[in-house]
Every structure is written in C-alpha cells, then in structure tokens.
S.K.: 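Have a look at this one.
One-based numbering, in listed order, for ligands and for the atoms of each. Treat the numbers as computed from the prediction; the structure is a model and nothing was measured.
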Amino acid sequence: MGKQGFYVSKALAVVFIVLGLGALATIIALSVPPVTSNRPVTTNPPVTSNRPVTTNPPVTSNRPVTTAAPSNEPWDQYRLPKSLEPTHYSVTLHPRLKAQEGTGLYIFTGESSVDFHCKEETDLILIHSNKLNYTSKAGGEWAELTVVSGADTAPTITESRLQTETQYLVLTLDRKLTKNAEYRLTTTFTGELADDLGGFYRSEYVENGQKKVIATTQMQPTDARKAFPCFDEPALKATFDITLIHDAGTVALSNASSPETIEGNSVMRTVFERTPKMSTYLLAFIVSEFGNITDTVDDVTIKIYARKPAIDAGQGDYALKITGPILKFFENYYNSSYPLPKSDQIALPDFNAGAMENWGLITYRETALLYDPEFSSNSNKERIATIIAHELAHMWFGNLVTLRWWNDLWLNEGFASYVEYLGADNAEPDWGLKDLIVLNDIHRVFAVDALASSHPLSSPEDAIQKPAQISELFDAISYSKGASVLRMLSDFLTEPVFLKGLQTYLQQFAFGNTVYTDLWNHLEQAVQDLEFNLPFNVTDIMNTWVLQMGFPVVTVDTTTGIVTQKHFLLNPDSEITTESPFEYKWIVPIKWQKNGAEQPMEWLREESETKPEMKLGGSDWVLLNLNMSGYYRVNYDDGNWDRLLNTLSNNHEAIPVINRAQLVDDAFNLARAKIIPTVRALSTTKYLTGEMAYMPWKSAINNLEFFFLMFDRSEVFGPMQKYLQRQVQNLFTHYNNATAGYTADAVGHQNQYTQVNAFSLACRTGLTECQNLASTLFKDWMATGVNKIRPNLRTTVYCNAIAAGGVDVWDFAWGQFQKATIATEAEKIRYALTCTKESWLLNRYLEYTLNPTLIRKQDATSTIIYIAENVVGQNLAWDFIRARWPYIFSQYGGGSFSFSNLINGVTERFSTEYELHQLEQFKADHAEVGFGSGTLALEQSIERTKGNIEWLKENKQTVLEWFQKEVSASPSS
Ligand code: BES
Ligand code: ZN
C-alpha cells in the first residue's frame, strides 16, 4: 500500500507550474483573441520546487485517532507491540530478472533471520510482512524459532498466519518467550518482483534493442515488509547482513560495501558488510547491468551508477563532480564525518518519487541525477544539485539520527528541504540559490497553509497509524512549511547558535531516535551556552509555528506605530473548525528596514502592540519581514503602501530583491483575502517594465495565473493580454538582443530563467515575433534533423510549435520522445506533446497514458494533468477521468499524492455554475467507488469553484476598468 506515487516528484511539481502557465496560455488561445495559439508557455521551470505539490493537504489535526482496527487484538493494531525488539538481521534475496515460464511473473526468493530481544513476556510474535508467501519449515509452520541467549529452549510455534490489513505475519507460541532472552526467527519466502514501484520491484529499459530488467527497492515509508519480514518501524533500528544472489554479468548493490562477490556455478553471491544500526525504511537492494563512475574524497568512495550508455555519454559526470564537495559541506555543517565508507547514487528508469535517501545507496529518477549539457536546461541542473544536497543532508539528519515515529516526518523532510539550499549553494555559489526558497517553498506552501483545511506541522503520534496516513504526511506542509520555519529559526538564532544546537543533537542521538522537541532542547542549550540574547524560549516560539496551522498577516499602521497580527485566511469567510492552543497568535520575529536602512529586530507576541519606532512622518517608509526571513505576510497602511510602490517605480533597488518579489506576492494574496483592493495588487506589476530580476517577475507571473484562469473567457482578457504584452516587451527585446535572437543563453543562472520567462510570457500574450520564432526553430529541427534549440528554451519552444502545428509535428515529436536517450529531453517532449490543439491527438495521447509500454507508470498522472491544463484538453481529460474512474482509482488511488493532484489539476480553472454542477454530479456518480486520497481534493475543488464564481462576480468590473485605463493611458509602442 501506499506506494504508488503519493509523492509528487519534481517533475510533477514542474508540471504544476508549467501548467499554470500553460493553462494560461491555453486559455488565452481559446479564448478571446484567437490569436495566440499557443498554450504555451511554459517552461521554465525553475519553477518550482521539488516539493510535493499539493494543494490538498491532509487535515492532520482532524485525523481520526485510528478507528480503523476492528478489534483490540494486537494483530489488529497498526503499531507493533512493545514486547520484542530486533537487534540484527541476516537477509539473502534472489531476484529473478526473467519472467517465470507459465505465469509470466517476475519473482524473488528470500531467506531471512532476525535476532530479537524479548522485553516483555509474550506468546505472540508479530512481524511485518506484506505480499510475501512463506515456505513451511520442519514443523509445518512458516518460521523456525531458536534461542540465541538467555533461555534454554525456544517455545514451539503453534500457528502461522497472515493478517493482511495490518500487514503482519502472526505466529502463536505454545508458551511465553523469556524476558530478556534473545531469539532468532528464520523464514523462507517468495514475493513478486512487480512493476509497482514499491518494496522490492522491477524497472525495465531497452538497450541496443534488448530489454533489460533491474531489481530495485523503495522501502519508505512502509514497504520494507514487502521485501522480507521485519519489524518495520523507524525506531526499531538494527544491523543488517545482506546477501544478494544474481546472474553473472549483473552488479549487486546495497547500503554497505561488498568485499567479495562469489562466483557460483550459475549464479553469483554478493555478500555485503554489516550495516550500522539503522531503520528498515532506509534499506536498499539493487541488481542491474549498470555502469558506474567513481571518485574518492578523503576516505569515502563515491560512485554514480546508471544505464551503461548514459554513463558512457558522461551523464553522471555532473553528479559525481558536486557530490564530494556537498558531502564535505555537510560534514562541516554537522561537525560530524560521513558515517559510512561509501556513497553510491543510482539513476533508475522507473522511480516513484524524485529521490530516496537510502543510507549509502541513494536512488533517483533519471531526471534527478543525470545531466547532459547538450540536452539539460539550467533548471534540470539546479534540480540535480538541490536534490543531491537534500538526500545527502538526510545521511545525518534522518539516517544517523532518526525521528521515532512518522508523525515527526515534517522535521526530517523540512530540515532536508531547508539545508538542500545551503548544500547546493556551496556547490554552485554563483546561482543565488538560497533566495529561491522564498518562491519554491514559502510562496508555494502559503497558498495551502492559508486555507481553513490546512493542518499543523506536528501531528500527535497516535493520529498516524495506517500506511495511508503515513503517506499523506509527505505533503507541502511537511516539506515546505517545515523548511520555512526552520529557516526562520536558524535566522533569528543566527547560524552559529543554530549549528551548535544541531551538532550536539546529532552527537547525542547518533544511531538512535528522537522526537522533535529533542532538537528544540539542544538549541535552547546552545542559546544558553553561547549567551545568546533571545527574549523567548526556543520552545515557546516554535510551538506557535508548529502546533497550530496557518500563519499570521502582520499589519503595521505607520500613522500610529501600532502593529497587529491576525491569522491569514485566503477566504476570510471560511470557518475554522480546528482549535488552536494559541488562539491563532504567533511569536513573530520581525526584521525590518526604515527608508532602506536595517533597524534592530523586533518581536510581536500579542495581537496588538505599539512599536513607537514604526510610527513615521513625511516621506518615510518601512519594510517588514526583511528577506522574507519570517513565515508571515505583511500589510501596511495606505500611505506606506503608496510610498513603497513609489519606491518600486522610482528606485526599485532600494528594496531588496526578495522583498520586491514579496510585495507583489503579499499584495495579490491580501487582495484575494479582501484585505486590500485588487487594484492595489495589480498596481504592483506596473514597475516591472523596469525590473530585470528573476524573482519579482516570477512572483508576478505566478500570481497572474489566477487572473488568467478567472478572466480568460471574459472581455477582461483582451485588455489584460495587451497590458501584459506591453509589460514584458522590454524584457523580451532585451534578451532578444542579448542572446542573438534566443539562440544563445543569457549570462547567469537566474537571468537564464528570466530569459525563458520573457520568451514564454511574450508568446503567451500573443507577441507574433515570439510565436514565429518558436515555429521557425522547431521546423529547422524537423528539416535538418539537428536540434539547435537551446536546452533552456526547449520546453517552451516545443510546446508553442506543437500547439501551432498539426499531426506531422506531433508525430515527429513523439518519435523524438521514443528515441530520446536522456530522460530530461524525453520529459520536455512528453510535456510539449500535450500542447497540441487537435482533440483527436489529445485523446490518443490520453489513451497512451494508461499503457505503460508507451508512458511509464511513474509519468501517467502528470501527463493527464498536463493535458487537462491545455484548454482544448481540459474537457477531454475530465471526460477521460470520469469515464474510467474505477480503473484509474484502482491503479492510482492508494494513498497517492499525484492522485489528489489529478483532481485538483483537472478542475483548476472551473469557475462557472455549469462546471460546479458537473463536479457535484461526479461526486454523486462515484460515491460508491470513492475518491481515496483525492477525497479532500474533490471537496476543495468544489469549494474552490464556488470561490472562483464569487471572486469573478466581485472583481470583474474593477479589474476590467483598471486594465482598460492602463492600456489607454500609455499606448504600447
Ligand atoms: N524521503 C524522500 C523520498 C520519499 C518521498 C519517499 C515520499 C517516500 C515517500 C526524499 O528525501 C525526498 O524528499 N525526495 C524528494 C526530493 C527533494 C529534493 C524534495 C523527491 O522525491 O522529489
Ligand atoms: Zn527528503
């Protein structure tokens, strides 16, 4: 359970963004001025983050405290009893990389023994086991029990059975195990090596016309039990001796190194060294015919594994180059040497998440590890650097020291999601990566955390029991809010204090388990040891951010100096049913500037406080939440807003770049929440004609998506498009000149993003020069067979060209997709194929998505979402999903993250009564099949559609007048 795609990989995340833009474009295309054809645009993905994109947060605080179990019997509980604790496992696995004759199934066989300590007398052994079949031992039972120490003889097993709902092998004994004795339980079993992306599974690819099969694993969170029987909870750490049996010509890998591979008659046996004490979810076993490249940094052997042709083409070189430095960076950051002798990283053709931090053997999607300058964009490259940093960060935080239970997952993922920017910045110091957390995480999660249906970071331990509940935790709140509040914490403590506390925490709990408050205690100790002046306790401050959902909007009235805080809700009328222990008040750190000069930091604790220094006179202005170091929005009195907007227009560099992006984002969202007028938000886009920086532009584009979605079918659309085309014209021309008509890359990482954004937005808003350029570049590729399009621009160019072209263009692109030898190129084409305007092509493509020989399972839902984002495709995808709901539900339903995204994605632009009616009908029609992890998404979609209908009514006229006035005031040149 819980395996299929509950996590949305970056690919999907990118999609979202893309989508947003794409939607926009598409809309444009369809709507009014048929001018534009393209949907376009998109691209650029710096987009976004790697995070699971969810708009659809599980409501933690409302999670039922497991009503699920039908009885009080121990085997009906999802948590293991506390009576037995494993200390060591010996596991031998033999995956068969050829299908069995007859059944056509791929299988693995295994033998496992686990040594465990008996802490409390019991005559029952419960051990996790899912989809494994056992071979009977001598006594006819499925396991053999022996004494290791502390008892004379072992009890006899009297019954063996499987409890499938709770995923246990249940063994009953004729008498009790002796307290404090050690026993060994031995089993022999078989399992299916299915293509289901969870547990021990298979991945396939074609090399030189030959099909190759890989056996690989994805254990997190609860699928180690699908590979061998184990006590599958993160606190039950043990050591592991792993042996893999495999055919000659294949390589076997696991967490530890293998000093020897023994060649047998027909098969080889690779015996790995003993692992350190570790959690089951971090195990990995892989058998493949991959090649590798290697390097040694100090005493650590670093290897990158991938398909041989990819290694030969140098696609692993970039990953190898940056891994050593990032590893060194973290050794220094944590003040702790890398805990293992080797670090392997491997790119797999089929992989559900983006990457997985198995200790010593990190697994990746190909797009997340393999880089080729000829095909990969700067966004692909950034993604590789940050994802490697993220997974390496886990080698200590998460692997060496592990949270006791999944309810604290947010600290594990939030931490890695914060420090990934630091690690990647160290490897690529010229990219300005550390700032990008604001767009990729803070802005992204603000959208979700401003809903009444959000949930606190922290969940009570007993609220999280079932695998599906655990899977639900891998959401934007855990990743992006977790990262945001930890960044805030590190910022107000200052890095030396933060690091001291972090380092002593890792030291104390190495090879052990913790709860999140252990980290707060170590940070508190560091505050004291370093005599750091902090007006509140770390715990008191952090409790307000961790134990209640949402975040505040801080309002400063510069005429009085009164500063207030209030829970920020996107829909101010929504009803909050979740009670907060702090009544929705936070302890808020405020870094701020007056007239561009930084002032001493302030704290806001009460709902309202007077800060005399913030009372202003004359032309003075203040800017709060400097560099967005705090997790909150800011509102000002009208006078200060006017002065800030003036500064943007006259001297925008007086405001730090992050805050320029922030003013735009705050204004648009405050307007959505009816706190400031919508025209105030729109007016933040006026200064953009003079803005060259990436972040403010991206922030504006992200916020304008909503306007496109809402107005594309109305008379607002024409003036809006004209206005935006005029706003982007400068930027488009600038890069046209600077990059020889978009045939070269801009200089600088973020400028490259801006170059792509300029191109995308220009094409999207109907600039013919841009659209012609896209078609010309693509046709040249078709005619010559040589692709001269810069990798950064490929997604946008392909999409625009396919949108403008017919079946010949589509079929050409499909052929290129199937031929692509690097996954990032395939990914770009896979997206662009959804841009066509031909319904029959889109319908044919929809059919492909459920055929794993054409579209890999890992990519199915994201492709359907892309299609839905195309205005022409939206209804087709909606019909497709509605017609096959039971099938899609069974294939993609189980706790899947991408599944809830599917519902959200397909209904994103619903804003009419008719669409609302359809949604409600859909809900009624499929009530009996259900919506699984998409249940909340469906409710949210209905709520969102209602909100959209409402918003449109209230804002249409003023927005129309504003665009008309702007366009007529200064006609575009
Ligand atoms: N531990 C996760 C991978 C994972 C996610 C496993 C969901 C099981 C369920 C890993 O550390 C991770 O977070 N990967 C991210 C990349 C990261 C840069 C945000 C991913 O997979 O995209
Ligand atoms: Zn992670």
S.K.: Please indicate whether any nitrogen or oxygen in Gly354 is less than 3.5 Å from any nitrogen or oxygen in ligand 1.
M.R.: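 For ligand 1, there is an N or O atom that lies under 3.5 Å from one belonging to Gly354.
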S.K.: Between Tyr281 and Trp406, does the ring centre distance come in under 6.0 Å?
M.R.: yes
S.K.: Using a 4.0 Å cutoff against the non-hydrogen atoms of Glu420, which atoms of ligand 1 qualify?
M.R.: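 Those atoms are 18 (C).
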S.K.: By atom name, which N, O or S atom belonging to Glu413 lies closest to the Zn ion (ligand 2)?
M.R.: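 Minimum-distance N/O/S atom of Glu413 relative to the Zn ion (ligand 2) is OE1.
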S.K.: So, Phe228 versus Tyr89, ring centres under 6.0 angstrom or not?
M.R.: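 So the answer is yes for these two rings.
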S.K.: What angle, in degrees and rounded to 10°, do you get at the Zn ion (ligand 2) when you join it to NE2 of His394 and to NE2 of His390?
M.R.: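 Computed angle, vertex at the Zn ion (ligand 2), rounded to 10 degrees: 100°.
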S.K.: Check each atom of ligand 1 against the heavy atoms of Ile387 and keep those under 4.0 Å away; list them by number with element.
M.R.: 16 (C), 18 (C)
S.K.: With a 4.0 Å cut-off on heavy atoms, is Ser417 touching ligand 1?
M.R.: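 The answer is no, since Ser417 has no heavy atom less than 4.0 Å from ligand 1.
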S.K.: Can you tell me if Asp350 and Tyr205 form a side-chain donor-acceptor pair at under 3.5 Å?
M.R.: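 No pair is found: no donor N or O on one side chain lies under 3.5 Å from an acceptor on the other.
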S.K.: Please check whether Thr386 reaches ligand 1 - meaning an N/O of the residue sits under 3.5 Å from an N/O of the ligand, judged on distance alone.
M.R.: no
S.K.: Regarding ligand 1, does Glu391 bring an N or O atom to under 3.5 Å of one of the ligand's N or O atoms?
M.R.: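 So ligand 1 has an N or O lying under 3.5 Å from an N or O of Glu391.
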S.K.: Holding to salt bridge (Lys or Arg N to Asp or Glu O under 4.0 Å), I want the full list of residues that pass it with Glu391, two or more places apart in sequence or in another chain.
M.R.: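 With neighbours one apart ignored, the set is empty.
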S.K.: Any idea which atoms of ligand 1 are less than 4.0 Å away from a heavy-atom of Ala355?
M.R.: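 Answer, ordered by atom number: 2 (C), 3 (C), 10 (C), 12 (C), 14 (N), 20 (C), 21 (O).
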S.K.: Counting C-beta onward and ignoring hydrogens, is there a side-chain heavy-atom pair between Leu902 and Ile864 closer than 4.5 Å?
M.R.: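 SC-SC contact between Leu902 and Ile864 confirmed.
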S.K.: Identify, by atom number and element, the atoms of ligand 1 in contact range of Glu357, meaning under 4.0 Å from any of its heavy atoms.
M.R.: 1 (N), 2 (C), 10 (C), 11 (O)
S.K.: Residues in salt bridge (Lys or Arg N to Asp or Glu O under 4.0 Å) with Glu192, at least two apart?
M.R.: none
S.K.: Taking only non-hydrogen atoms of Gln218, do any sit less than 4.0 angstrom from ligand 1?
M.R.: yes
S.K.: For ligand 1, which atoms, with element, lie under 4.0 Å from some heavy atom of His394?
M.R.: 11 (O)
S.K.: Using heavy atoms and a threshold below 4.0 Å, how should the contact between Ala353 and ligand 1 be classified: side chain, backbone, both, or neither?
M.R.: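 Both backbone and side chain.
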S.K.: Return the OG1 to CG distance between Thr363 and Asn352, rounded to the nearest 0.5 Å.
M.R.: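 Going from OG1 on Thr363 over to CG on Asn352, the span is 11.0 Å.
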S.K.: Is it the case that the side chains of His749 and Asp430 hold a donor-acceptor pair, with the cut-off being a distance below 3.5 Å and no angle test?
M.R.: no
S.K.: Going through the checks in order, is the salt bridge (charged side-chain N to carboxylate O under 4.0 Å, His left out) test met by Glu825 and Lys828?
M.R.: CA-CA 5 Å; Glu825 176 68 6; Lys828 293 178 177 80; 5.1 Å; no
